[in-house]
Participant: 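My questions will all concern the structure given below.
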Amino acid sequence: MVFLNLLENIRSKTDEILEAKNCEPVKFSVESAKPGFGDITCNVPFLLSKQLKKSPQEISRELSEMYNFDDMPQIKNVESHPSGYLNFSIDYTKFNDLVIGLSLQENYGTLEFGNNEKIVVEHTSVNPNKALHVGHIRNIILGDVVSKILKKANYDVKILNYVDDSGLQVADIIVGFTELGFSQESPNNEKFDHYCGDTVYVKTTEKYESDKELEGKRHEILKQIEDRTSEVSKIAQTITRKVLNEQLKTVWNLGVFYDCLNFESQIIHSKLWETIFEKLKSDNQIKYENEGDNSGCWVIPADGEDDKILVRSNGVATYIAKDIPYAAWKLGLVEDPFHYKIHSTQKNSQTLYETTLEGDNKLNFSGSKVITVIDNRQIRLQKIVSGLMAKFKEEGAYTHLGYESVTLSADTVKSLGLSVDGESAQMSGRKGLYVNADTVLETLTKRVYDESKSRNENLSESELQNIANIVAVGTIRYEMIKPDLDKIITFDLKNSLRLEGDTCSYIQYSYARASRILEKTDVKPNFNSAFKLLSSEYEKNLIKKIAMFDVHVNDSVNNLSPKVIAKYSYELAVTFSSFYEHVKVLASETTELLNARLCLVVSFQKTLKTSLGLLGIDAPERM
RNA sequence: GGACCCGUAGCUCAGCCUGGAUAGAGCGGGUGGCUUCGGACCACCAGGCCAUGGGUUCGAAUCCCAUCGGGCCCUCCA
């Protein structure tokens, strides 16, 4: 910890001063100051104004006299600003050594939040009947980055992907295969998930319009899928597995990996629901309706809303009745009915497990906390689930990490050969209104490849491919993480190809430039030296930005907010770019200064790499 | 009808959780900058009644209420 420590020390010093003055405790802030107002700022004079019946300015003056930084050499002084703030200045002649030293450590920015507590993150959870589209990417990347941030905060994170292999959407493509005669092999080597989504699913649901009898078939098929011994169920198993495996390839290409796949069909089969159902009844969490619209149903009350039906009058459980046992399983509230077997070895060579009802291999993928990443359209249901879990466990044990959906811009819709009313449109699998994740990644990779090739004459084919991949994946990730969770992302194919300004490639470029500096000199940075020579504004700004990494990690963990790290990475890159432009490292006047600056460049690189690493983005040496 | 989310520069957004100094970026527009580490860059200019109206407060883009505009959810569908 660097900056957080500094803030914490100033805070406790301030607390001591307030105590000495016999003040009532107040909740004041100590935070990094805006440029021109010192380095660190505290607003406590404003908050004491009423209590002490003095102006903030007066209090500020009084307090500023009472600080003593003998045990905090990194703080130079504190000044009382005419506005009333207390502004602290950093003594960079001391601060530099501390920051540069710590930034080299492997665990730089790591915080102790989790105590190695087990926490489950579930994300992706896409029906295995189609290819992933840009909307799914937001879910996947958010889930992945949140897991990485939690790991950085020392949680033991288990990542799950729930495979809904027995829903109506799956039944729809099975109808296509069994009733409409679609081939179970994709034509022309088309990726199987694309074939199922783009052709079978769209064509089948289209046919429902004109063929009501066919539409009735889907429910029949759905029933047969749920009977694991049926022929249809076996076809469904084969098809969904094939689609899932293609989906996983896409996900792996984005650098996302899981610990375990959970199949809905097995959850249904495991009778977990029956266990939970009894528990809900005996705990009086649900009630049986004898009259009214819901007569004959088991319902669960939702505050401020209509009751939600859990079990229909015909005795069949609704879909939310699948979510509840699964949530309870994730929290380890029920005896684990599953065994585990290896599904595959992922692209990063990490083993991926899957649930199975056979075998005897026991593993544990539950956690004392659970985070479920699902878009905000499901917020109502997720509230019911988390409300129930709070009653079984404790408040906050089950968290729904929600986010707004991804829509398509009018231009992008038109490029798909479809029409729109407004400026954007919700994606729809049925209407074929979506952009596949693979398509986006391929288009972007090509774009980066061309760009990089035009800038580098002497790079080999494999180097270019590697750069294109790193930058393309980074760009998609960055664009998905950067906006607030509550903001709709309007995806525009053309706009997504931007590589200038506030983009991932800008950030990565700053890293590549740093690499060039280090490469062009024979001097090996010697960190066993003093860095007080780094005294220009550009150098101090960069050091301060490097130091503030932990502040942002802290913020992003506390608020489960990945975008904080995206913003920090960009700011760090901007600060370096300015330094790069104004401080000519290799033209340094003395060897001491050259060495100090080279060390700063290394420090920057390490910090940026770690920060980007939390976003799952690679930093290229050259691009 | 009920629930939730959004509204900040021409456009896309940050800041709002945790109220405080001069409301920040990027794109687009305008100007300047490579005989010096890579121009995917840097430096600068123009552009804002922070949707509207009330309230709380010494102080509101930020908290509360209402209104308007946009989105989304609310099936014995999954």
Side-chain angles (χ1 to χ4, degrees), chain A residues 27-29 31 33-37 41 43 45-47 49-50 55-56 81-85 87 127 164 166-172 218-219 222 264 293-297 299 302-306 308-314 316 318-320 322 375-381 383 402-405 407 422-424 426 448 451-452 455-456 471 482-490 492 495 498-510 512-521 558-559 561 563 567 570-571 574 577-578 580-588 597 601 622-623:
Chain A
K27 263 188 84 179
F28 58 91
S29 70
E31 56 198 14
K34 288 192 274 188
F37 297 103
T41 191
N43 67 348
F46 292 99
L47 307 175
S49 180
K50 190 173 256 179
S55 73
H81 190 269
S83 62
Y85 277 100
N87 291 339
N127 290 316
D164 184 358
S166 53
L168 259 188
Q169 294 211 25
V170 168
D172 287 331
R218 63 204 288 242
H219 290 280
L222 181 61
E264 178 172 275
D293 287 347
N294 297 338
S295 178
C297 300
V299 301
D303 40 55
E305 310 241 3
D306 292 344
K308 192 79 206 158
I309 292 166
L310 276 185
V311 180
R312 303 182 184 99
S313 54
N314 64 2
V316 178
T318 58
Y319 73 101
I320 186 174
K322 294 174 186 170
D375 78 65
N376 270 339
R377 285 176 294 196
Q378 303 245 28
I379 195 165
R380 208 173 103 85
L381 298 161
K383 264 197 184 130
Y403 58 91
E404 280 294 334
S405 54
T407 63
E423 289 178 356
S424 65
Q426 285 283 331
V448 177
E451 184 74 28
S452 193
R455 291 163 181 274
N456 296 283
V471 176
K482 198 172 50 151
D484 192 272
L485 298 176
D486 282 333
K487 282 296 195 321
I488 292 170
I489 295 180
T490 304
D492 184 86
N495 207 24
R498 284 186 316 113
L499 299 175
E500 284 157 19
D502 183 0
T503 62
C504 185
S505 60
Y506 170 91
I507 301 171
Q508 291 172 317
Y509 185 64
S510 73
R513 282 173 135 187
S515 289
R516 286 286 77 67
I517 296 177
L518 299 171
E519 193 185 271
K520 293 250 157 125
T521 175
N558 273 330
N559 297 309
S561 180
K563 71 172 177 192
K567 185 129 196 290
Y570 177 65
E571 284 172 1
V574 167
S577 292
S578 185
Y580 179 91
E581 190 75 17
H582 298 279
V583 179
K584 300 300 169 186
V585 175
L586 297 184
S588 298
R597 285 174 174 167
V601 172
R622 183 184 268 284
M623 61 188 275

Participant: Please enumerate all residues that pass salt bridge (charged side-chain N to carboxylate O under 4.0 Å, His left out) together with Asp502(A), with sequence neighbours excluded.
Facilitator: Lys482(A)
Participant: So, Thr318(A) side chain and Ile309(A) main chain: donor-acceptor pair closer than 3.5 Å or not?
Facilitator: yes
Participant: In whole Å, measure the gap between the C1' atoms of G71(B) and C65(B) for me.
Facilitator: 22 Å
Participant: Not counting sequence neighbours, which residues clear side chain to side chain contact (heavy atoms under 4.5 Å, CB included) with Glu404(A)? List them please.
Facilitator: Arg138(A), Asn376(A), Ile488(A)
Participant: Has Asp492(A) got a side-chain atom pairing as donor or acceptor with Asn495(A)'s backbone, closer than 3.5 angstrom?
Facilitator: yes
Participant: OP1 or OP2 of C42(B) sitting under 4.0 Å from any side-chain N/O of Tyr506(A)?
Facilitator: yes
Participant: Suppose we screen for ring pair (Phe, Tyr, Trp, His ring centres under 6.0 Å). Which residues come up paired with Phe37(A), at least two apart in sequence or across chains?
Facilitator: His81(A)
Participant: Describe the nucleic acid contact of Arg513(A) in one word from base, sugar-phosphate, nothing, applying a heavy-atom distance below 4.0 Å.
Facilitator: sugar-phosphate
Participant: Can you check each nucleotide of nucleotides 72-78 of chain B against protein heavy atoms at under 4.0 Å and return B for base, S for sugar-phosphate only, - for none, in 5' to 3' order?
Facilitator: SSS-BSB
Participant: Identify whether any heavy atom of Val583(A) sits under 4.0 Å from a base atom; if not, whether one sits that close to sugar-phosphate; answer base, sugar-phosphate or nothing.
Facilitator: base
Participant: Establish, with yes or no, whether the OP1 or OP2 oxygen of A43(B) is under 4.0 angstrom from a side-chain nitrogen or oxygen of Ser578(A).
Facilitator: yes
Participant: Got a sec, which residues hit side-chain hydrogen bond (donor to acceptor under 3.5 Å, both in side chains) with Ser578(A), two or more places apart in sequence or on another chain?
Facilitator: none
Participant: Applying a 4.0 Å non-hydrogen cut-off, can you work out what Ser29(A) is touching in the nucleic acid: base, sugar-phosphate, or nothing?
Facilitator: nothing
Participant: Which nucleotide in the set G26(B), C41(B), C5(B) lies at the smallest distance from any side-chain heavy atom of Glu500(A)?
Facilitator: C41(B)
Participant: Examine distances only and state if a side-chain atom of Ser313(A) and a backbone atom of Gly296(A) form a donor-acceptor pair shorter than 3.5 Å.
Facilitator: no
Participant: As a test of reading the structure: which of C58(B), A43(B), G39(B) is closest to the side chain of Lys50(A), going by heavy atoms?
Facilitator: C58(B)
Participant: Test of understanding: with salt bridge (charged side-chain N to carboxylate O under 4.0 Å, His left out), list the residues that count as partners of Asp486(A), not counting sequence neighbours.
Facilitator: none
Participant: Dump the pairs, protein N or O against N or O of nucleotides 30-35 of chain B, anything under 3.5 Å, distances to one decimal.
Facilitator:
| unit_1 | atom_1 | unit_2 | atom_2 | d |
| --- | --- | --- | --- | --- |
| G33(B) | N2 | Glu581(A) | OE2 | 3.2 |

Participant: Between C34(B) and C16(B), how far is it from one P atom to the other, in whole Å?
Facilitator: 40 Å
Participant: Taking atom C1' in both G10(B) and G48(B), what distance in whole Å separates the two?
Facilitator: 12 Å
Participant: Does Lys27(A) reach the side chain of Leu47(A), with side-chain heavy atoms less than 4.5 Å apart?
Facilitator: no
Participant: Distance between the C1' atoms of G70(B) and U75(B), in whole angstroms?
Facilitator: 26 Å
Participant: Taking a pair as Watson-Crick (N1 to N3 plus N6-O4 or O6-N4) or G-U wobble (N1-O2 and O6-N3), both under 3.5 Å, which stems of 3 or more consecutive pairs involve RNA chain B?
Facilitator: B:4-7 with B:68-71, B:10-13 with B:24-27, B:29-33 with B:41-45, B:51-55 with B:63-67
Participant: Applying salt bridge (charged side-chain N to carboxylate O under 4.0 Å, His left out), name anything that partners Lys563(A), two or more places apart in sequence or on another chain.
Facilitator: Asp484(A)
Participant: Leu586(A) versus Arg597(A): any side-chain heavy-atom pair under 4.5 Å?
Facilitator: no
Participant: Dump every N/O contact between nucleotides 10-17 of chain B and the protein below 3.5 Å, one line per pair.
Facilitator:
| unit_1 | atom_1 | unit_2 | atom_2 | d |
| --- | --- | --- | --- | --- |
| A14(B) | OP1 | Asp484(A) | N | 2.8 |
| A14(B) | OP2 | Lys487(A) | NZ | 2.1 |
| A14(B) | O2' | Lys567(A) | NZ | 3.2 |
| G15(B) | OP1 | Lys563(A) | NZ | 3.0 |
| C17(B) | O2 | Asn559(A) | OD1 | 3.3 |

Participant: Check nucleotides 19-22 of chain B against the protein and report each pair of N or O atoms closer than 3.5 Å, with its distance, or say if there are none.
Facilitator:
| unit_1 | atom_1 | unit_2 | atom_2 | d |
| --- | --- | --- | --- | --- |
| G20(B) | O2' | Tyr85(A) | OH | 2.4 |
| A21(B) | N7 | Tyr85(A) | OH | 3.4 |
| A21(B) | N6 | Thr41(A) | OG1 | 2.6 |
| A21(B) | N1 | Asn87(A) | OD1 | 3.3 |
| A21(B) | N1 | Asn87(A) | ND2 | 3.2 |

Participant: Asp164(A): which residues meet the salt bridge (charged side-chain N to carboxylate O under 4.0 Å, His left out) condition with it, sequence neighbours left out?
Facilitator: none
